[in-house]
2 protein chains.
Amino acid sequence: MSQQRQGSTPGNTGAVPAFPDLPEATIARLPEYLRALHNLAETGSETVSSEGLAAAAGVNSAKLRKDLSHLGSYGTRGVGYDVALLIDQIEYILGLDQRRAVALVGVGNLGHALAGYDGFASRGFRIVALFDADPEQVGQALNGLTVRHVEELGRAVVEEGITIGVIATPAGAAQAVADDLVAAGVTSILNFAPCVLAVPAGVDVRKVDLAIELQILSFHEHRKASLTALPGGRSPQAGNQEAVGS
Amino acid sequence: MSQQRQGSTPGNTGAVPAFPDLPEATIARLPEYLRALHNLAETGSETVSSEGLAAAAGVNSAKLRKDLSHLGSYGTRGVGYDVALLIDQIEYILGLDQRRAVALVGVGNLGHALAGYDGFASRGFRIVALFDADPEQVGQALNGLTVRHVEELGRAVVEEGITIGVIATPAGAAQAVADDLVAAGVTSILNFAPCVLAVPAGVDVRKVDLAIELQILSFHEHRKASLTALPGGRSPQAGNQEAVGS
DNA sequence: AGGCGCTTGTGAAGGCGTGCACAAATCGCG
DNA sequence: CGCGATTTGTGCACGCCTTCACAAGCGCCT
């Protein structure tokens with residue numbers, strides 16, 4: 001979708017290797033590799049083979065090698081990958097070395113959980129501001145932060161250096177919040193509201209809809225049920241043997 | 001990843017149209033279409049053009065037509081799609097006509113939110129049982145349900161006719177819970193724990209990792225920042241103009 | 001020093017998904 | 001009754017992603 005080339009002339013050997021334009025599919029897997037690598041580092045492993053890391057991340061080993069080769073990886077043939085080095089590489093590529101400030105809008109049911117989710121902090125993300133439109137919610141303390149009114153969003157984004165916005169509002173309010181975030185200069189949005197957001201070019205939106213995942217599972221349940229019921233479907237060997245990619 | 005064929009012989013014209021084996025990418029979009037259709041139905045629309053529905057769902061109209069054609073859709077040329085009929089079709093395909101019983105394991109931070117998330121009930125999913133391993137949590141009432149100890153999981157799954165399990169435990173406990181679910185006969189799992197689950201063939205696992213989504217956004221932030229900083233990257237026109245596919 | 005086993009990195013092939021562009025079909029109106 | 005406007009359904013080509021298979025490289029052991 002973005003085939004513009006980089007300024008990296010062939011033979012470029014600068015200290016910072018320009019910016020590699022990785023396939024989107026590869027990017028989506030890097031966080032999983034990173035998690036597996038952290039686990040390995042905790043167990044004391046200094047190197048991993050592509051086979052071992054692939055197993056820990058739940059992917060094909062060839063795919064993992066190709067992914068890592070895209071970011072000019074430093075593996076050693078006959079040995080494997082240096083765990084610590086690879087962690088640094090991937091964290092640099094993902095921009096996790098600079099801790100990112102996140103704003104969370106909507107502290108309802110889901111927002112509460114997100115505000116307290118420790119999986120964010122442990123990956124280098126820090127929620128620095130909470131907002132809500134409901135006066136009932138405004139003012140309450142939550143995880144060390146005070147919920148502010150959504151009108152203050154614009155100012156806070158600039159003052160706190162926020163680069164990522166998380167929308168956990170009802171669907172009806174999501175577009176207005178997105179507009180506010182974009183107006184304030186946020187260029188990355190994680191949307192939990194079940195609706196499509198319209199944003200200008202240059203702004204990235206990722207959507208997570210919990211109900212959609214269940215519906216996809218429901219489809220497979222339905223399919224499996226109809227197969228076992230049919231005379232033709234004799235062996236229940238359908239389905240994927242491993243986690244389905246997101 | 002699963003190229004085994006279905007038992008649907010070509011020329012099959014049974015009353016129930018065997019089971020269409022839809023592309024995985026299509027299945028993942030059907031819930032989004034369904035949501036858009038429900039919105040349209042509420043506004044009183046009786047028919048939609050592929051163009052209109054595609055806009056509401058945030059996809060290309062050609063893609064939408066191809067998706068719908070896969071499930072042998074009933075559109076009328078020159079007119080569009082019958083909203084009510086299409087809703088029924090998609091809900092049947094997704095197996096949403098039969099309300100599915102869901103078990104939720106782990107009522108910590110995230111589990112609490114999931115238990116109270118009304119987006120599930122409105123799509124035909126009903127959480128009928130809550131479990132946790134922490135004695136502190138067991139016994140508490142949550143959304144009209146009492147949290148039970150995870151040891152009772154196996155019995156409850158059978159008694160309550162549970163077909164889908166949701167894992168919202170810490171990573172360390174997830175595999176054991178998955179094993180219990182599978183042993184009890186559950187064949188669909190939605191995993192929120194940040195780890196890879198090993199399950200036998202025939203069991204579908206979908207994974208949602210909130211932190212991974214943020215890391216992908218972080219990558220794009222990093223990329224955008226390095227582009228604007230580079231002398232070559234003059235126009236900030238990079239990025240996708242619409243929501244990024246999950 | 002030489003050979004052997006192991007592992008990475010990659011060329012090539014195949015499959016899947018996307019999007020264009022157009023033929024086929026339906027409705028409404030004169 | 002026929003014609004034009006409109007919209008679906010789909011053949012086709014293109015590009016991305018995955019996977020296999022193997023050459024290239026590295027370390028260790030003799």
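All of these numbers come straight from a predicted model, not from anything done at the bench. Chain letters run A, B, ... following the sequence lines, proteins first and then strands; every chain starts at 1.
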Study note, to complete from the structure: Among the nucleotides dC17(D), dG11(C), dG19(C), whichever has the atom closest to the side chain of K66(B) is dG19(C)

Review point. Which nucleotide in the list dC17(D), dT18(C), dA23(D) gets nearest to the side chain of A25(A)?
Key: dC17(D)

Exercise for review: Grab the two heavy atoms, one from V196(A) and one from A56(B), that are nearest each other, plus how far apart they are.
Suggested key: CG2-O, 3.5 Å

**Study point:** d(CG, D67(B); C1', dT8(D)) in whole Å
**Key:** 14 Å

Exercise for review: Look at the side chain of K63(B) and decide which nucleotide, out of dG17(C), dT18(C), dT8(C), has an atom nearest to it.
Suggested key: dT18(C)

Review point. Can you check the E51(B) CD to dA5(D) P distance for me, whole Å?
Key: 19 Å

Practice item. Would you indicate which nucleotide in dA23(C), dG19(C), dG9(C) comes nearest to any side-chain atom of R77(B)? Key: dA23(C)

Exercise for review: Report the distance from atom CD1 of I27(B) to atom C1' of dG17(C), rounded to the nearest whole Å.
Suggested key: 13 Å

Check your understanding: If you check every side-chain atom of Y81(A), which of dT8(C), dC17(D), dG9(D) has the closest atom?
Key -> dT8(C)

Check your understanding: How long is the line joining CG of L22(A) and C1' of dC17(D), in whole Å?
Key -> 14 Å

Point to revise | Heavy-atom closest contact (I216(B) atom, E24(A) atom, distance) | key: CG2-OE2, 4.4 Å

Revision key, fill the gap. Checking dT19(D), dT8(D), dA23(D) against the side chain of N60(A) (C-beta onward), the nearest is dT19(D)

**Study point:** Residue met sooner reading DNA chain C from 5', once H70(A) and G78(A) are mapped to nucleotides
**Key:** G78(A)

Study note, to complete from the structure: When rounded to whole Å, the CZ to P distance for the pair R65(B) and dG11(D) reads 14 Å

Review point. Of L68(B) and T26(A), whose nearest nucleotide on DNA chain D comes first from the 5' end?
Key: L68(B)

Check your understanding: Within this structure, what is the CG-to-P distance between D82(B) and dT7(D), rounded to whole angstrom?
Key -> 16 Å

**Study point:** Crowding at CD, Q98(A) (>12 non-hydrogen neighbours, <6.0 Å)
**Key:** yes

Practice item. From the options dG9(C), dT19(D), dG27(D), select the nucleotide whose nearest atom is closest to the side chain of T76(A). Key: dG27(D)

Check your understanding: Of the nucleotides dG27(D), dT19(D), dT18(C), which one has an atom closest to the side chain of A62(A)?
Key -> dT19(D)

Practice item. Take the protein atom CD of E24(B) and the nucleotide atom P of dT18(C), then report the distance between them rounded to whole Å. Key: 12 Å

Practice item. Could you tell me which non-hydrogen atom of A211(B) sits nearest to which non-hydrogen atom of R123(A), and how far apart they are? Key: CB-NH1, 3.5 Å

Review point. Counting just side-chain N and O atoms, does R29(B) come under 4.0 Å of either OP1 or OP2 of dT18(C)?
Key: yes

Check your understanding: For dT8(D), does either OP1 or OP2 sit under 4.0 Å from a side-chain N or O belonging to S50(B)?
Key -> yes

Review point. Of all heavy-atom pairs between D82(B) and L85(B), which one has the smallest distance, and what is that distance?
Key: OD1-N, 2.9 Å

